[in-house]
There are 2 protein chains.
Amino acid sequence: MANIRDIAKYADVSVTTVSRVLNEHPYVSKEKRERVRRAMAELGYLRNQQALTLSTGRTQRFVVVLPYLDHPYYGLFVNGLAKAALQRDYRLVMWQTEYQLDQERQALDLLKHREVDGAILLSHTMTFDEMETYRQFGPIAVATVGAPQTISSVHVDHYTAFVAGLRVLAQAGYAEIGIVLSRQDSPSSIARQQAYFDEVELARERWVWTGYLTSEDGIGLADSFLRQQERPRALFFSSDYVALGFLGELRRRGVSIPDEIAILGFDGHPIGQAFGLSTMHSPNEDIGRTLFDVTFEEMNGAASVTNSLTVTYLPGTTL
Amino acid sequence: MANIRDIAKYADVSVTTVSRVLNEHPYVSKEKRERVRRAMAELGYLRNQQALTLSTGRTQRFVVVLPYLDHPYYGLFVNGLAKAALQRDYRLVMWQTEYQLDQERQALDLLKHREVDGAILLSHTMTFDEMETYRQFGPIAVATVGAPQTISSVHVDHYTAFVAGLRVLAQAGYAEIGIVLSRQDSPSSIARQQAYFDEVELARERWVWTGYLTSEDGIGLADSFLRQQERPRALFFSSDYVALGFLGELRRRGVSIPDEIAILGFDGHPIGQAFGLSTMHSPNEDIGRTLFDVTFEEMNGAASVTNSLTVTYLPGTTL
DNA sequence: TTGTATGCGTTATCAT
DNA sequence: ATGATAACGCATACAA
């Protein structure tokens, strides 16, 4: 485990010279550079990243916070993040919160303790006020709407996006519309409900389903939905996966789609295509990539930014 | 950004004493302990993890290597890993290889440069011989079969697992069986083909489809499959997602399942349920958890181990 | 062009 | 019970 000092001794130069060769600085004679190179090769030198990190104060790492690592909803975000990180020679420390506030805090504590250079939150339970108390320890970026000045944000505005989806449904001739959302009180769910009641004339409280996160939840919804007396003619889901679970279960029971019930998803996840799911496509991979870039640049002194992206309709056969 | 020396000065003790308080060592008088505690509170002390890491030589991090972060196949593995890591206060650095050998090498270079304590490979292109050259830098664990003594392995033996699936098909009365695999030359694909030709009497070269990774690939298969003259009566997929894409597309085209073609998946991914997919369930979350534990313990001096888990049939309506 | 000395923040060793 | 000091492995200001 040769270190920089061993190399210096072996090559009969100073550690500074070795460091210069290592970092490709100018002002090193060709001959010494060669000697150092040879010494490194012969002693099997490997630079110790931790020492570098302590010395420079940079970790080359960001922490990425999300509820579940295996939830398909976050897949494309993470993919975009990973691609951008690779380009900059950065590492991603993934942190799964399971929607626990204290897990979010632990993740941001990495920032405090200089274990990472920045934090990217794809979802959060914490208030922005609390989040701002961490801001002094490094750049923070979120994929949600409503962030304050100091915190960067790259997101789809779920109010606008939901309005867009509801209009697609209206233009397709559906007036009685229900919506299926994830967590009840999340900011995005609140925005979506707001859009629903603002936009849909026949909107009804009992046509709002909340607490649907997974495809299993979608399967479960089928039952209670079919039992309901007065049903909407179309359902707008906030997630393709929930929509797919619902769609699969309904088809299995022989319910005709969209004749008996129309379905619109949200995400544009590839698997939806196989089943002809009509959906609103959200540019999640772009968001991931941009989130990384924004955080990276903020670390280098740039100001925080807010970046709002839009969704587009991806036709299928379920409307 | 107060450090341990500032605290020492403020509390009028030595840095050693501060360090002792920090690490809850004995032999510190109650009074000094109190003074140090107060100093830390008043100066807002935060321990610098990088310095600790350089000093102790432990990073508290493992790198997790996999082809795609957003591929649902790896979701449950990663979930198990994350849960185990949380318990031990470890971080996971995720590394996406996109099946590039040089990306695998970069990931293992983290081990060389002391950026992580160990490496967990959910998939790999590299030979075990090359992998062993990294072993001296830290524990390595893989989720694949065939690892040498020095490298830990927690896996499903895909030969045995495939035989099990083929027998399920046989017992359900299917004799003409085809298989749909992922990458052509991966060790698991080779094992699966071996199982197929060993176990199925009517096995045929042209009933082996390779290169199918995603649900889109499954959709794409439908077309070429239906065009084929002589078709098998059942298809065994090495991935639920490919199976689902195929299933969805066939149903969309009005093909009756399992009457015209029976389908058996592999994984037991929750979304499969919604569409009644019959599948072989693989204990991937357990594997993830165990992979972490094994790596962790090996780091603490334990020997490398090999752990083979089995799959079980999860009935659906597609057989 | 090169080298000396110091700092980064912690833990570990060895006295006392 | 407490403290002075070395060690971890690098980068860098400053001097020459």
Side-chain angles (χ1 to χ4, degrees), chain A residues 1-37 39-40 43-61 89 109-117 137-138, chain B residues 1-37 39-40 43-61 89 109-117 137-138:
Chain A
M1 229 50 78
N3 64 24
I4 202 176
R5 248 182 312 262
D6 298 330
I7 304 299
K9 203 171 292 176
Y10 193 91
D12 196 27
V13 297
S14 73
V15 291
T16 312
T17 300
V18 177
S19 177
R20 287 205 180 95
V21 173
L22 220 46
N23 296 288
E24 303 191 10
H25 279 294
Y27 302 128
V28 176
S29 72
K30 225 179 177 123
E31 188 239 331
K32 293 207 171 179
R33 188 184 301 276
E34 212 25 72
R35 269 193 356 236
V36 169
R37 287 257 161 75
M40 296 201 296
L43 298 184
Y45 173 74
L46 295 168
R47 177 204 234 141
N48 183 317
Q49 181 70 22
Q50 308 177 181
L52 192 160
T53 274
L54 178 61
S55 186
T56 61
R58 289 253 171 130
T59 63
Q60 310 255 92
R61 286 187 294 271
D89 197 24
D109 281 343
L110 298 190
L111 214 51
K112 281 192 176 174
H113 294 146
R114 310 238 156 283
E115 250 187 282
V116 296
D117 294 336
F137 303 106
Chain B
M1 228 51 77
N3 64 25
I4 203 175
R5 243 177 321 254
D6 299 328
I7 303 300
K9 204 171 294 176
Y10 192 90
D12 195 27
V13 298
S14 71
V15 292
T16 312
T17 300
V18 177
S19 176
R20 285 203 181 98
V21 173
L22 220 45
N23 296 287
E24 303 188 11
H25 279 297
Y27 302 128
V28 177
S29 70
K30 222 177 180 123
E31 188 239 333
K32 294 208 171 180
R33 188 183 303 274
E34 212 27 71
R35 259 175 28 217
V36 169
R37 288 255 160 76
M40 297 200 296
L43 297 184
Y45 172 76
L46 295 168
R47 178 204 233 137
N48 183 318
Q49 182 70 23
Q50 308 176 180
L52 192 159
T53 274
L54 177 61
S55 188
T56 61
R58 288 254 171 131
T59 63
Q60 311 255 90
R61 286 187 295 272
D89 198 24
D109 281 344
L110 298 191
L111 215 51
K112 279 192 177 174
H113 294 146
R114 310 239 156 280
E115 248 186 283
V116 297
D117 294 335
F137 302 107

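Because the structure is predicted, anything quoted here is derived from the model rather than measured. By convention in this document, chain letters (A, B, ...) are assigned in the order of the sequence lines, proteins followed by strands, and residues within each chain are numbered from 1.
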Could you state the atom-to-atom distance from [atom1] of [X] to [atom2] of [N] in whole Å?
X	N	atom1	atom2	answer
A:Asp6	D:dA7	CG	P	13 Å
A:Leu52	D:dT12	CG	P	9 Å
A:Asp12	C:dT2	CG	P	12 Å
B:Ile4	C:dG7	CD1	P	17 Å
B:Leu54	D:dA11	CG	C1'	13 Å
A:Arg58	D:dT12	CZ	P	12 Å
A:Tyr27	D:dT12	OH	P	16 Å
A:Tyr45	D:dG9	OH	P	10 Å

Between [options], which nucleotide has the shortest distance from any of its atoms to the side chain of [X]?
X	options	result
A:His25	D:dA11, C:dT11, D:dT12	D:dT12
B:Thr16	C:dA12, C:dG9, D:dT2	C:dA12
A:Arg20	D:dA11, C:dT2, D:dT5	C:dT2
B:Val13	D:dG3, C:dG9, D:dA11	D:dG3

May I ask you to say what A:Ile7 touches in the nucleic acid, namely base, sugar-phosphate or nothing, with a heavy-atom cut-off under 4.0 Å? nothing
Which is true for A:Val28 with a 4.0 Å heavy-atom rule: it touches a base, it touches only sugar-phosphate, or it touches nothing? sugar-phosphate
[X] vs [N]: side-chain N/O to OP1/OP2 distance below 4.0 Å:
X	N	answer
A:Lys32	C:dG3	yes
A:Asn3	D:dC8	no
A:Ser55	D:dC10	no
A:Ser19	D:dA11	yes
A:Asn23	D:dA11	yes
A:Thr17	C:dG3	yes
B:Ser29	D:dT2	yes

Any donor-acceptor N/O pair, [X] side chain to [Y] backbone, under 3.5 Å:
X	Y	result
A:Thr53	A:Gln49	yes
A:Arg47	B:His113	no
A:Asp117	A:Thr59	yes

Do B:Ser19 and B:Thr16 get their side chains close enough for a donor-acceptor pair, meaning under 3.5 Å? no
Would you state whether a donor and an acceptor, one from the side chain of B:Arg114 and one from the base of D:dG9, lie under 3.5 Å apart? no
Would you say the base of C:dG7 and the side-chain of B:Arg5 have a donor-acceptor pair closer than 3.5 Å? no
Is it true that B:Arg35 and B:Glu31 make a salt bridge, defined as a side-chain N closer than 4.0 Å to a carboxylate O? yes
A side-chain contact here means heavy atoms from C-beta on lying under 4.5 Å apart; do B:Asn48 and B:Asn3 qualify? no
